[in-house]
Amino acid sequence: MKPFDLPEPDAAAAAHSARLSDLIRAEIAAAGGAVPFSRFMELALYAPGLGYYSAGASKFGPAGDFTTAPEMGPVFAACMAEALAPVLRQLGAQARFLELGGGTGAFAAVALKRLMELDALPDRYAILEPSAQLRERQRETLRDRLSPPLFELVEWPDTPFPDEWEGVVFANEVIDALPTPRFAIAGGEVTEEHVACNGEAFARVDRPADGFLSNAVRHVERRLERALPEGYRSEVLPQLPYWIQAVSGGMRRGAMLFVDYGHPRAEFYQPGRCEGTLRAFHRHRMHDDPLRWPGLQDITASVDFTALAEAGVSAGFDFAGYCSQASFLLGNGLAGVLERIERIAEDTERLRRTEEVKKLTLPSGMGERFGVMGFQKDVEFGTAFLVGDLSFRL
């Protein structure tokens with residue numbers, strides 16, 4: 001979708017974006033005329049009080065810019081809880097649950113209830129959420145939907161657990177929003193995409209890549225066993241192992257579960273995908289201008305699941321499995337969910353839940369576009385991936 005097809009922001013939103021744009025322009029000037037695209041993305045999404053995820057604009061659902069699986073209804077969270085419950089039971093009463101980016105709180109509301117039914121409640125349920133506005137929305141949601149004993153398990157820390165701990169890390173559509181470097185191949189060398197000012201607008205310019213980014217791209221080429229062609233442009237996340245180390249912290253035992261859209265490396269860097277996977281979302285419309293309206297749109301890139309597997313192992317975990325979202329849901333309680341849906345007496349609600357399952361599992365919805373990957377450390381989590389294993393594609 002071209003930018004001129006997008007609904008224009010109202011005056012207040014435009015003023016908000018202008019304030020953030022001024023901040024970005026000041027940083028560009030201080031940096032000598034350009035900043036790496038990854039820094040632009042970081043400011044556009046996370047600048048305190050101004051970034052897309054740090055400010056107060058609605059992001060989820062019909063009034064926002066996109067809809068995630070937990071916001072559709074209870075099915076997704078119930079199945080994720082089903083998959084993680086055996087790990088929590090292995091760990092015992094001291095187990096903790098760390099959710100990264102809690103959305104509206106819809107996931108936690110369903111997951112905690114389902115974990116209680118499965119006798120697998122964690123000792124603490126922490127939501128690591130950068131947006132103060134979303135924290136408040138999560139508190140309101142969970143206070144309304146949970147009994148007081150369940151609500152008291154929930155906390156909102158400012159950082160991952162700093163001490164040694166045992167438990168699980170869960171992240172749905174988080175890695176796609178990590179500020180990503182962009183690279184291009186020019187004259188056989190690796191360049192890094194930067195953002196500069198072109199009058200009042202922002203423009204992309206290429207600069208020589210540093211050794212960290214260049215080595216990451218060459219690693220991709222070695223694993224592909226082919227050089228990326230001249231002019232090829234895409235994304236790579238060399239910081240991913242360090243990010244996983246940071247969010248897992250001092251985890252002694254436990255599991256990590258990531259759900260996101262993406263591809264195995266050979267598909268991510270296929271020749272036809274020569275402009276990468278970067279895109280923006282505004283009012284449920286996807287377009288290809290991430291520099292437009294900073295602070296008012298989501299900016300995202302697909303996940304290289306091969307890189308995620310490498311990063312998790314590099315961070316000290318064992319690879320547990322990889323499959324499509326449809327397969328993961330089918331292998332972790334979806335049959336029971338469907339039985340419960342069939343018993344719903346009210347026709348409209350039964351149809352709503354049936355449509356939710358279709359969106360989550362059909363190839364035309366999220367079923368094949370989203371992948372699920374797990375890691376384990378001194379626990380057994382591989383059984384959650386027995387249906388539809390795709391690890392051979394990594």
Side-chain angles (χ1 to χ4, degrees), residues 1-57 59 65-66 130-131 176-187 189-214 216-217 230-239 274-283 285-302:
M1 168 147 322
K2 298 299 183 183
F4 57 75
D5 294 321
L6 299 173
E8 291 286 331
D10 60 29
H16 176 94
S17 181
R19 289 193 295 273
L20 179 53
S21 295
D22 287 343
L23 183 152
I24 296 172
R25 289 190 195 97
E27 181 150 332
I28 288 173
V35 296
F37 175 81
S38 57
R39 179 58 177 164
F40 173 90
M41 184 173 173
E42 181 180 5
L43 291 169
L45 296 182
Y46 302 108
L50 292 172
Y52 180 79
Y53 284 108
S54 303
K59 299 157 185 67
D65 300 301
F66 54 85
S131 166
D176 65 84
L178 294 180
T180 180
R182 291 260 292 169
F183 71 88
I185 306 298
E189 299 298 323
V190 179
T191 63
E192 181 172 7
E193 186 174 295
H194 284 60
V195 176
C197 294
N198 182 11
E200 289 298 303
F202 295 109
R204 306 187 206 190
V205 296
D206 292 339
R207 299 280 178 85
D210 62 20
F212 187 55
L213 180 60
S214 183
V217 175
E230 182 72 11
Y232 196 90
R233 188 176 299 270
S234 192
E235 306 83 31
V236 67
L237 273 173
Q239 71 270 35
C274 57
E275 290 296 325
T277 68
L278 190 73
R279 61 265 206 202
F281 288 88
H282 180 70
R283 297 294 182 262
R285 292 168 171 84
M286 184 178 73
H287 66 94
D288 58 4
D289 186 3
L291 306 186
R292 189 178 182 87
W293 298 331
L296 302 186
Q297 60 182 11
D298 191 19
I299 305 172
T300 178
S302 295

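We count residues from 1, following the sequence as given.
- For Glu235, the salt bridge (charged side-chain N to carboxylate O under 4.0 Å, His left out) criterion is met by Arg182, not counting sequence neighbours.
- Scanning for side-chain contact (heavy atoms from CB on, under 4.5 Å) contacts around Thr191 gives Ala184, Ala186, Asp206, with sequence neighbours left out.
- Every side-chain contact (heavy atoms from CB on, under 4.5 Å) that Cys274 has, sequence neighbours left out, goes to Tyr232.
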Indicate every side-chain donor-acceptor pair of residues 196-204 with a distance under 3.5 Å to a residue at least two apart or in another chain.
from   : atom 1 : to     : atom 2 : distance (Å)
Arg204 : NH1    : Glu193 : OE2    : 3.4

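- Take Asp210 and apply the salt bridge (charged side-chain N to carboxylate O under 4.0 Å, His left out) test, not counting sequence neighbours, and it matches no residue.
- Partners of Glu275 by side-chain contact (heavy atoms from CB on, under 4.5 Å), not counting sequence neighbours, listed by chain and number: Arg233.
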Please step through side-chain contact (heavy atoms from CB on, under 4.5 Å) for the pair Thr300 and Phe281, ending with a clear verdict. CA-CA 8 Å; Thr300 178; Phe281 288 88; 3.4 Å; yes
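- At a threshold of 4.5 Å between non-hydrogen side-chain atoms, the residues Pro181 and Leu237 count as touching.
- Counting heavy atoms from C-beta outward, Glu192 and Phe183 have side chains that stay 4.5 Å or more apart.
- Residues passing the side chain to side chain donor-acceptor pair (under 3.5 Å) test with Arg39 are Glu27, Glu42, sequence neighbours excluded.
- Scored by the side chain to side chain donor-acceptor pair (under 3.5 Å) test, Ser234 finds no partners at all (sequence neighbours excluded).
- With sequence neighbours excluded, the residues that form a side-chain contact (heavy atoms from CB on, under 4.5 Å) with Ala280 are His287, Gln297.
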